[in-house]
Each structure stands twice: as structure tokens, then as C-alpha cells.
Amino acid sequence: MSIEVRVPTVLRKHTDGQKTVAAEGSTLRELVVDLERRNAGLGAALVGDDGSLHRFINVYVNDEDVRYLGGIETPLVDGDTVSILPAVAGG
Amino acid sequence: MTRARIDGRFDLDRTTYDALVEHARSDFPFEVCGLLAGADGRVLKHFPIPNAARSMTYYSMDPKSMLYAWNEIDDKDWDLLAIYHSHTHTEAFPSSTDVQLAVYADAVYLIVSLQDPAQPVIRGFGITDGVITERHVAVDGQDAPVGSR
């Protein structure tokens with residue numbers, strides 16, 4: 001069971017500069033926990049203290065925004081690609 | 001005109017500059033947004049991104065369009081050089097919301113102002129940890145107009 005995670009430049013400080021890292025989990029929630037274990041700070045950048053996804057972080061499974069899938073409970077299978085991208089917004 | 005400390009410059013070619021102004025005008029009075037990517041500080045591609053908020057005072061890049069753009073930038077080993085959006089009724093200076101939501105410290109935040117529709121203004125800023133510094137914007141090596149207000 002391995003999920004490829006694409007890490008944006010602004011979060012590569014948590015991955016020694018690597019663009020992609022591997023992690024495991026049968027849901028996005030489990031993946032976030034495993035990401036944090038392997039790359040301290042990366043999992044924490046995605047979720048708040050209550051365990052929900054940050055509003056201004058976009059997370060995608062195979063290019064689909066998880067807001068339209070199952071959010072933090074989105075199921076994952078071997079070979080999925082998860083992409084992370086801080087939202088760009090302003091006034 | 002609101003100013004910030006000048007810290008470095010940002011170079012645009014005329015074609016890209018004109019494309020940004022044209023994009024800003026295309027959905028007036030709503031704000032538009034997009035990305036500029038390239039290498040060695042030179043813009044190689046302009047990605048207009050739909051404003052999911054379609055608002056006169058707010059922009060939020062459509063997540064899927066942004067992902068496709070970002071994947072192309074990353075796959076080609078380009079840099080995300082600039083993040084731009086338009087201000088349709090205010091000057092080309094970051095709003096408090098712009099500062100609050102800025103997370104891409106390595107990119108230049110370009111703002112296209114159509115406050116004076118006849119004289120569009122593009123100014124560039126670095127926004128890091130809430131601190132604004134201005135980039136001197138040049139077009140084909142010449143100073144870009146900064147407007148009177």
C-alpha cells in the first residue's frame with residue numbers, strides 16, 4: 001500500500017526539498033497521520049487541531065478536489081496520487 | 001499612492017504585460033487572477049486561472065485549474081514566478097486580505113489595477129509573514145507606469 005504525495009514548494013521544507021514522498025493510509029485522515037510521522041510538519045500543515053482539513057489548503061486525490069470526494073475521510077487505494085496545494089486567494 | 005520599501009525588481013516582457021491587462025479588462029468589474037511561470041526569472045508561460053469567487057472585491061483561484069497549472073510548472077521544473085490578480089476599483093497595492101492569505105513567499109504578487117481604466121497599473125510585491133516589500137516592475141527593461149494614485 002503506497003500513496004504518492006506531491007508536495008508544493010512552500011511545504012518542501014518538511015521533506016528535505018523532495019517534490020514527492022510516499023506514505024500509507026486507507027483514508028486521507030490516515031495518510032495525514034502517516035505523513036506527519038515520516039515528515040514532521042507536513043501532516044500538521046494540512047489539518048487543524050480538530051483534525052479537519054484547513055480551509056486554505058487544497059488536497060486532491062488523482063486530480064480531484066477532496067471537497068467533492070469524501071473530505072478528510074476520502075478512501076485511498078494503492079497507487080493513488082495525492083496532491084497538496086495551498087489555496088491562492090485574496091481581495 | 002501607498003508605497004512599500006523597494007526590494008529588487010521584477011521583469012516582464014511586453015506581451016505578458018499586455019496579456020495581464022487584457023485579462024483584467026476581460027471580466028471587469030470582477031477580479032481576475034492567474035499565475036506566471038518560468039525559469040531564471042524569465043516568464044515562459046502565463047496561466048489565467050478562473051476566479052471561483054467571481055467577485056469585485058475577492059478572488060479565489062479555481063482549485064482544479066490551479067492544480068493543472070501547478071503540475072505543468074512542476075513537471076517542467078519551472079519556477080512559480082508570480083501570482084497576479086486585479087483590483088478593479090482600488091489601487092495596485094495589497095489589501096489586508098491579500099496580506100493575510102499570502103503563503104507563497106517565493107513568488108511575486110502582481111496586482112493589476114483598473115482603478116483608472118484608461119491607465120492600467122501593474123505593481124509587484126513580496127509578501128512574507130505579513131510584511132510587504134515592493135518589486136520594481138520593468139517591461140522590456142523600461143520602468144512600468146505606477147500611476148498617480
Side-chain angles (χ1 to χ4, degrees), chain A residues 3-23 28 31-32 35 39 41-48 52-72 74 76 79-91, chain B residues 31-35 37 47 49-53 55-90 93-107 109-111 125 127-128 132:
Chain A
I3 310 291
E4 182 190 64
V5 181
R6 292 186 72 149
V7 182
T9 40
V10 290
L11 294 178
R12 287 180 195 162
K13 60 190 172 196
H14 304 301
T15 63
D16 288 330
Q18 289 184 81
K19 283 183 174 190
T20 62
V21 294
L28 184 56
L31 183 89
V32 168
L35 272 181
N39 307 274
L42 183 56
L46 307 182
V47 294
S52 62
L53 286 168
H54 280 305
R55 184 177 160 212
F56 287 106
I57 294 270
N58 298 329
V59 180
Y60 313 79
V61 174
N62 303 329
D63 293 355
E64 193 60 57
D65 189 337
V66 299
R67 292 185 188 91
Y68 301 108
L69 298 171
I72 191 81
T74 301
L76 301 172
D80 278 349
T81 298
V82 169
S83 305
I84 303 165
L85 216 45
V88 179
Chain B
E31 294 195 7
V32 303
C33 51
L35 306 172
F47 295 90
I49 307 282
N51 176 4
S55 157
M56 292 189 278
T57 56
Y58 189 73
Y59 78 98
S60 174
M61 287 194 183
D62 172 66
K64 211 160 188 175
S65 307
M66 198 186 142
L67 179 71
Y68 292 149
W70 169 253
N71 283 347
E72 181 177 344
I73 293 166
D74 207 35
D75 289 344
K76 290 181 171 162
D77 279 325
W78 288 342
D79 300 315
L80 174 60
L81 299 177
I83 292 167
Y84 74 88
H85 74 285
S86 59
H87 283 177
T88 49
H89 298 85
T90 55
F93 194 81
S95 65
S96 55
T97 315
D98 290 332
V99 175
Q100 213 181 344
L101 298 181
V103 289
Y104 288 83
D106 294 337
Y109 284 82
L110 292 175
I111 300 175
F125 304 88
I127 307 176
T128 307
I132 303 171

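All heavy atoms count here, side chains included; hydrogens, waters and symmetry mates do not. Proteins get letters first, then strands, A, B, ... in listed order; numbering begins at 1 in each.
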- With the threshold set at 4.0 Å, does a side-chain nitrogen-carboxylate oxygen contact exist between A/Arg12 and B/Asp74?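 Salt bridge flag = yes for B/Asp74 with A/Arg12.
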Check whether any side-chain heavy atom of [X] sits under 4.5 Å from a side-chain heavy atom of [Y], and report yes or no.
X       : Y       : answer
B/Met61 : A/Asn58 : no
B/Ile49 : A/Val88 : no
B/Asp77 : A/Lys19 : yes

Identify the two heavy atoms, one from [X] and one from [Y], that lie closest to each other, and give their separation to 0.1 Å.
X       : Y        : result
A/Ala87 : B/Val103 : O-CG2, 4.2 Å
B/Trp70 : A/Pro8   : CZ2-CA, 4.1 Å
B/Thr97 : A/Gly90  : CG2-C, 3.9 Å
A/Arg67 : B/Pro63  : NH1-CG, 4.2 Å

Looking at [X], I'd like to know if its [atom1] atom is crowded, meaning that more than 12 non-hydrogen atoms belonging to other residues, nucleotides or ligands lie closer than 6.0 Å.
X       : atom1 : answer
B/Lys76 : NZ    : yes
B/Asp75 : CG    : yes
A/Tyr68 : OH    : no

- Query: What residue, out of B/Tyr104, B/Tyr58, B/Tyr59, has the most heavy-atom pairs lying under 4.5 Å from chain A?
  - Reply: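 Most heavy-atom pairs under 4.5 Å with chain A: B/Tyr59.
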Quick one: what part of [X] sits under 4.5 Å from any heavy atom of chain A, side chain, backbone, both or neither?
X       : result
B/Asn71 : both
B/Ile83 : side chain
B/Ser95 : side chain
B/Tyr68 : side chain

- Message: With rounding to the nearest 0.5 angstrom, report the CG to CZ distance, B/Leu67 to A/Arg6.
- Response: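 The distance works out to 7.5 Å.
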- Item | Region of A/Asp63 that comes under 4.5 Å of a non-hydrogen atom in chain B |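 The answer is both parts of A/Asp63.
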